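We name chains A, B, ... by the order of the sequence lines, and we start the count at 1 in each one. Keep in mind that this is a model prediction, so the values were computed, not measured.
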There are 2 protein chains.
Amino acid sequence: MTVSRVLRTPDKVRPETCRRVQAAIRKLGYVPDEAAGALSSRRSRIIGALVSTLGGSFFASTVDGLSQTLREQGYQLLLATTNYTPEIEADSIAAMLARRPDGLVLTSTQHTDMANRLLKRARIPIVELWELPEAPIDSAVGFSNRAAGNAMTEFLADAGHKGIGFIGRSSPFDRRGQLRRAGYKDALAARSLHAPRVASVAGLGDDPSAGASGLAHLLMRWEDTTAVFCASDSIALGALSEARRRGLRVPDDIAIAGFGDFEMASENGLALTTVRVPGFAIGEEAARLVLRRGNGEATHKRIVDLGFQIVRRMTA
Amino acid sequence: MTVSRVLRTPDKVRPETCRRVQAAIRKLGYVPDEAAGALSSRRSRIIGALVSTLGGSFFASTVDGLSQTLREQGYQLLLATTNYTPEIEADSIAAMLARRPDGLVLTSTQHTDMANRLLKRARIPIVELWELPEAPIDSAVGFSNRAAGNAMTEFLADAGHKGIGFIGRSSPFDRRGQLRRAGYKDALAARSLHAPRVASVAGLGDDPSAGASGLAHLLMRWEDTTAVFCASDSIALGALSEARRRGLRVPDDIAIAGFGDFEMASENGLALTTVRVPGFAIGEEAARLVLRRGNGEATHKRIVDLGFQIVRRMTA
DNA sequence: GAGGGCAATGTTAGCGATAACATAAATAAA
DNA sequence: TTTATTTATGTTATCGCTAACATTGCCCTC
């Protein structure tokens, strides 16, 4: 018991005793068993996180932010990837709940009924990321993809473009992409510019080839398109490469805007005009929020909007 | 006890009993407590993984591979990021060992003494990734960064280049980068081409600005440089952008090669000539290896070389 | 029909920590 | 000095599972 106190509440132990215990710990190489501690205290100091994938650039920095902040607070991160599959997500949620995490962080937006039931029953703080749902399961940290899509389209229109296309993935699981597209349509309608010009490329995840074929499609169908807004920077890269292949000057012949402000979009990289989203900060804030809610500080905002930012560079 | 058997070894329970238990489980919303199970059975079904960062593109897909394979085998992934800091790594190792993981996966190559002591004492399988150390702590999955650096330099020399530069980060913690550079130097020496031309850009992690300033540096110092080998695709992107800024044609005036075969390097992206490394496969194989070793199958290879591949595209 | 073998289920005793309470020692107050 | 109060440490029971062993009932064999 004294050892337990030395580790958890050293100020309740006489300094001299404390020292002796520490010495013994070092000498024996004792490493406390957190699983036993969790069983007894009913606090696991584990936070679970579910992401669709880390590869696609969007969530990697969010997980970095999460992991870093949790570590600073003495928590650990249990991670699972769902590969965009709701069934895998549901299984992973069940598996995580079996570890009795003190909170759960989700980046997907679609849950199976089973998943929803499990989450409701769990009675732990749950934070949804990268979007601001109307009715979050518990709380959410992110920004409005729809507003961001709208803002970038407005930006392009303000620059004088009269024909603005959109390139995105058509996956029904990518609700955020759909929302950006909805924002794009909102802006067109608000300005009564023209009917939406959307290139929906089949497939999961973003990659440059979608941008290349998307741009080709747009230019064939609507010749007078002078600007395209891509649902991610990866797609924008593909569009950029297709434009170059066609001998089009960017941004003079065709303006190209991305989404995400990935590393490659930077001034010394593609110098891509894009929407900067606070990926790392979302992770940090999610960690803080889930821990605060776990400590019963229920007074906090349930929906945290971290905003976004149009970054004007050379391509639009 | 019967419930436990239904969950772990259903074939030891009469089908009828099995069904009744399952029904009760569903009705009650029972979720077993794995922490208690781990305490009792001394198997946690958790594998810990330590990476420097997920943001830099290199490790994200490895973690994807790990996570996916572990899930398929009924294991869970405890993840920590070390931010390139050995002290944080040591702390994180200690924190992970407190969860009694069934194995540990490391992507860093430098460990503090404390970390090494902890790892030795832990008596669990440990897999090091992304390099093939001479004396692994336990076992390793990766490829030879030195051989890869050598191969790409050979490739450029074979293409007729007489002045070949190298751009990389100078961080002492990035041992893999150093090894690629060593491979570059090996190749130059083997062909007695010229003294190494290295642009070492200060800072942690790769980003395009390093490539831009690196290329500027190389061209200023050694005017007759016609090819550069970059320690990562991100750096290569920066070099590409600097070349364009200077009006140099790629690859005619200057050939540029990267490392990693990130998504952006693809045919429809930068079409970058680069070294493809099996990031995802490393994660998968690490998961398999750590589980096999945990099951006492000690007969397996301790060092798994997954190789690399020169991918010739448009920039060199 | 006694004994051996097997399959299905039950019982007991931990795993290693901590919450809650009990005690002992040290200090303050009356 | 005696009693109250605080501070430091010790005891006990428990968290929810599973390893190991015990029991029950059934079928089979000789």
Would you list the protein and nucleotides 4-9 of chain C atom pairs, both N or O, that sit under 3.5 Å from each other?
from, atom 1, to, atom 2, distance (Å)
dT9(C), OP1, Arg14(B), NE, 3.4
dT9(C), OP1, Arg14(B), NH2, 3.2
dT9(C), OP1, Thr17(B), OG1, 2.3
dT9(C), OP2, Arg14(B), N, 3.0
dT9(C), OP2, Thr17(B), OG1, 3.4

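- Between the P atom of dC21(D) and the CE atom of Met1(B) lies a distance of 13 Å, rounded to the nearest Å.
- Tested against Glu34(A), the residues Arg43(A), Arg8(A), Arg100(A) include a single salt bridge (Lys or Arg N to Asp or Glu O under 4.0 Å) partner, Arg8(A).
- Contacts between residues 33-44 of chain A and DNA chain D, defined by a heavy-atom separation below 4.0 Å, involve Leu39(A), Ser40(A), Arg42(A), listed by number.
- The CD-C1' distance, from Glu16(A) to dA25(C), rounds to 16 Å in whole Å.
- Taking Ala80(B) as the reference, Leu50(B), Ser92(B), Met96(B) meet the side chain to side chain contact (heavy atoms under 4.5 Å, CB included) condition, with sequence neighbours excluded.
- A pairwise comparison of heavy atoms in Ile88(A) and Thr81(A) identifies CG2-O, 4.0 Å as the closest pair.
- A donor-acceptor distance shorter than 3.5 angstrom exists from the side chain of Asp64(B) to the backbone of Gly55(A), with no hydrogens or angles considered.
- Listed here is the closest heavy atom pair of Pro101(B) and Ser44(B): CA-OG, 3.4 Å.
- Under 3.5 Å, the side chains of Ser234(B) and Asp207(B) contain no donor-acceptor pair of N or O atoms.
- Side-chain atoms of Asp138(B) come within 3.5 Å of backbone atoms of Ile126(B) as a donor-acceptor pair (strictly under, hydrogens ignored).
- Side chains of Arg99(A) and Gln76(B): a donor-acceptor N/O pair is present below 3.5 angstrom, by distance only.
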